[in-house]
Amino acid sequence: MQCEPHLIDKHKKKMIAVQDSMDVLNGKWKISIISSICYYNKRRFSDILNDVAGISNKMLSKELKELEINQLVKRTVLDTQPITVQYELTEHGLTLKTIINNLTDWGIAHRKKIIGE
């Protein structure tokens with residue numbers, strides 16, 4: 001059975017959209033970083049570093065810069081001594097909140113199914 005040409009185009013556009021999303025959110029850390037900021041609204045660099053187990057300072061800095069470039073995270077330098085940097089999701093970044101909540105729910109259900117916790 002073959003798909004009609006207009007359905008093929010529609011599916012291709014959807015697959016391209018998925019790939020675009022994955023290009024922005026790819027890697028081991030980005031979803032965890034976004035989750036940390038999402039759950040607390042505003043997070044300092046050191047807070048995110050503590051939330052995301054196993055990430056290095058250098059990698060966190062790199063990932064946050066990429067999230068900033070993609071307009072998902074806003075970086076604010078606070079006028080404190082020593083200087084403190086705070087991160088929050090942009091309005092565009094907040095559109096990921098539903099995805100984060102769905103991933104959370106799925107992860108809890110999956111863990112329960114696989115190991116009974």
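The analysis underlying the following values was restricted to heavy atoms, covering all of them including side chains, and did not include hydrogens, waters or symmetry mates. Bear in mind that the values here come from a model prediction, so they are computed numbers and not experimental data.
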Flag the pair [X] / [Y] as yes when at least one side-chain heavy-atom distance between them is below 4.5 Å, and no otherwise.
| X | Y | answer |
| --- | --- | --- |
| Val18 | Lys14 | no |
| Val73 | Ile33 | no |
| Val52 | Leu60 | no |
| Arg75 | Leu64 | no |
| Ile48 | Ile55 | no |

Is the count of non-hydrogen atoms from other residues, nucleotides or ligands lying under 6.0 Å from Ile114 atom CD1 greater than 12? yes
Measuring from atom [atom1] of [X] to atom [atom2] of [Y], what distance do you get when rounded to the nearest 0.5 angstrom?
| X | Y | atom1 | atom2 | answer |
| --- | --- | --- | --- | --- |
| Ser35 | Asp51 | OG | CG | 9.5 Å |
| Leu96 | Ile31 | CG | CD1 | 7.0 Å |
| Ile34 | Leu89 | CD1 | CG | 7.0 Å |
| Glu63 | Leu67 | CD | CG | 6.5 Å |
| Ile37 | Gln86 | CD1 | CD | 10.0 Å |
| Leu94 | Glu88 | CG | CD | 8.5 Å |

Over all heavy atoms of both residues, which pair between Leu25 and Lys30 is shortest? Give the atoms and the distance, please. O-CB, 3.9 Å
Where Asn26 and Asp23 come nearest, the two heavy atoms and their spacing: OD1-O, 3.4 Å
Taking Ala17's backbone N and O only, do any of them form a donor-acceptor pair with Ser21's side chain (distance below 3.5 Å, no angle check)? yes
Just by modelled atom types, is the Lys58 backbone N or O under 3.5 Å from a matching donor or acceptor in the Ser61 side chain? no
Would a single hydrophobic cluster contain both Tyr39 and Tyr87, if residues Ile, Leu, Val, Met, Phe, Trp and Tyr are joined by side-chain heavy-atom contacts under 4.5 Å? yes
Shared hydrophobic cluster for Ile83 and Leu49 (ILVMFWY, side-chain gaps under 4.5 Å): yes
Between Asn70 and Glu66, do the side chains contain a donor N or O and an acceptor N or O under 3.5 Å apart? no
